[in-house]
Amino acid sequence: MRRLFIIRKDLNLSHGKMSAMCSHCAEAYWTNLMRKANINENIVDGKKFYTFSFDVEANIVDNYINDRFVKTICEAKNLNDLLKVIPRAKELGLVEGVDFGLINDACLTELTPENEDGTCTVGIWFKPLNDDISHILSK
């Protein structure tokens, strides 16, 4: 089981920007779950805490969280190459916004906006996937 991240090569990202985009990919699945979760507020010793309640597939817990955090970072030649992965993912039963999603940069540092909202699409993240699914998506 592994996390698959695909990043555009044509953007010629600096090493720091590439690291930041891969970090966004790594956080996206988990923060997406947390944003959609039931949240309860607790006060413990005068400090506010939140308790999140969400479901994670047993396979992900058993073979990713409780095993090794394997990650594969692949490149897409350009935006069109990156977007070709979306229909392939959907054909495999993955749901956009749940099992995978695009990473858009706000273009505050080294990238130029390409999208109408002033962002630039840099990559795509996936939830932890079985290796065979990852290999199909990364081709």
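Hydrogens, waters and symmetry mates are skipped; everything else that's a heavy atom, side chains included, is used. Just so you know, these numbers come straight off a predicted model, no measurement behind them.
- Atoms CG and CG, on Leu111 and Leu13 in that order, are 5.5 Å from each other to the nearest 0.5 Å.
- Residues satisfying the ring-ring contact (aromatic ring centres under 6.0 Å, His included) criterion with Phe100, sequence neighbours excluded, are Phe126.
- The main-chain N or O of Gly101 is found under 3.5 Å from a side-chain atom of Trp125 such that the two form a donor-acceptor pair.
- Counting heavy atoms from C-beta outward, Thr121 and Asn115 have side chains that approach closer than 4.5 Å.
- Placement of Phe5 and Val122 within a single hydrophobic cluster is found when ILVMFWY residues are connected by side-chain heavy-atom separations under 4.5 Å, directly or transitively.
- The structure places CG of Asp55 at 11.0 Å from CD1 of Ile60, a figure rounded to the nearest 0.5 Å.
- Although no hydrogens or angles enter the test, the distance criterion places a donor-acceptor pair under 3.5 Å between the side chain of Asp131 and the main chain of Met1.
- Closest non-hydrogen pair, Asp62 versus Asp67, comes out as O-CB, 4.0 Å.
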Residues 14-30, side-chain donor-acceptor partners within the protein, below 3.5 Å, at least two apart:
{"from": "Ser14", "atom 1": "OG", "to": "Lys17", "atom 2": "N", "distance (Å)": "3.1"}
{"from": "Ser14", "atom 1": "OG", "to": "Glu110", "atom 2": "OE1", "distance (Å)": "2.9"}
{"from": "Ser14", "atom 1": "OG", "to": "Glu110", "atom 2": "OE2", "distance (Å)": "3.4"}
{"from": "Lys17", "atom 1": "NZ", "to": "Asp105", "atom 2": "OD1", "distance (Å)": "2.8"}
{"from": "Lys17", "atom 1": "NZ", "to": "Asp105", "atom 2": "OD2", "distance (Å)": "3.4"}
{"from": "Lys17", "atom 1": "NZ", "to": "Thr109", "atom 2": "OG1", "distance (Å)": "3.0"}
{"from": "Ser19", "atom 1": "OG", "to": "His15", "atom 2": "O", "distance (Å)": "3.0"}
{"from": "Ser23", "atom 1": "OG", "to": "Ser19", "atom 2": "O", "distance (Å)": "2.9"}

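- Checked by atom type and distance alone, the side chain of Asp117 pairs as donor or acceptor with a backbone atom of Thr119 at under 3.5 Å.
- With a 4.5 Å cut-off on side-chain heavy atoms, Glu114 and Leu11 count as touching.
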Return a table of donor-acceptor pairs under 3.5 angstrom between the side chains of residues 33-48 and protein atoms on other chains or two or more places apart.
{"from": "Lys36", "atom 1": "NZ", "to": "Gly97", "atom 2": "O", "distance (Å)": "2.9"}
{"from": "Asn42", "atom 1": "ND2", "to": "Thr51", "atom 2": "OG1", "distance (Å)": "2.6"}

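- Partners of Phe69 according to the ring-ring contact (aromatic ring centres under 6.0 Å, His included) rule, which considers only residues two or more places apart in sequence or in another chain, are Tyr64.
- Between the side chains of Asn59 and Asn63, a donor-acceptor pair is found at a separation under 3.5 Å.
- Nearest approach of Cys120 to Arg8, heavy atoms of both residues: SG-NH1, 4.0 Å.
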Side-chain donor-acceptor contacts of residues 73-86 below 3.5 Å, not counting sequence neighbours, with atom names and distances?
{"from": "Asn78", "atom 1": "OD1", "to": "Asn80", "atom 2": "N", "distance (Å)": "3.1"}
{"from": "Asn78", "atom 1": "OD1", "to": "Asp81", "atom 2": "N", "distance (Å)": "2.8"}
{"from": "Asp81", "atom 1": "OD2", "to": "Lys77", "atom 2": "N", "distance (Å)": "2.9"}

Under 3.5 Å donor-acceptor pairs involving side-chain atoms of residues 132-139, not counting sequence neighbours:
{"from": "Ser138", "atom 1": "OG", "to": "Ser134", "atom 2": "O", "distance (Å)": "3.1"}
{"from": "Ser138", "atom 1": "OG", "to": "His135", "atom 2": "O", "distance (Å)": "3.3"}

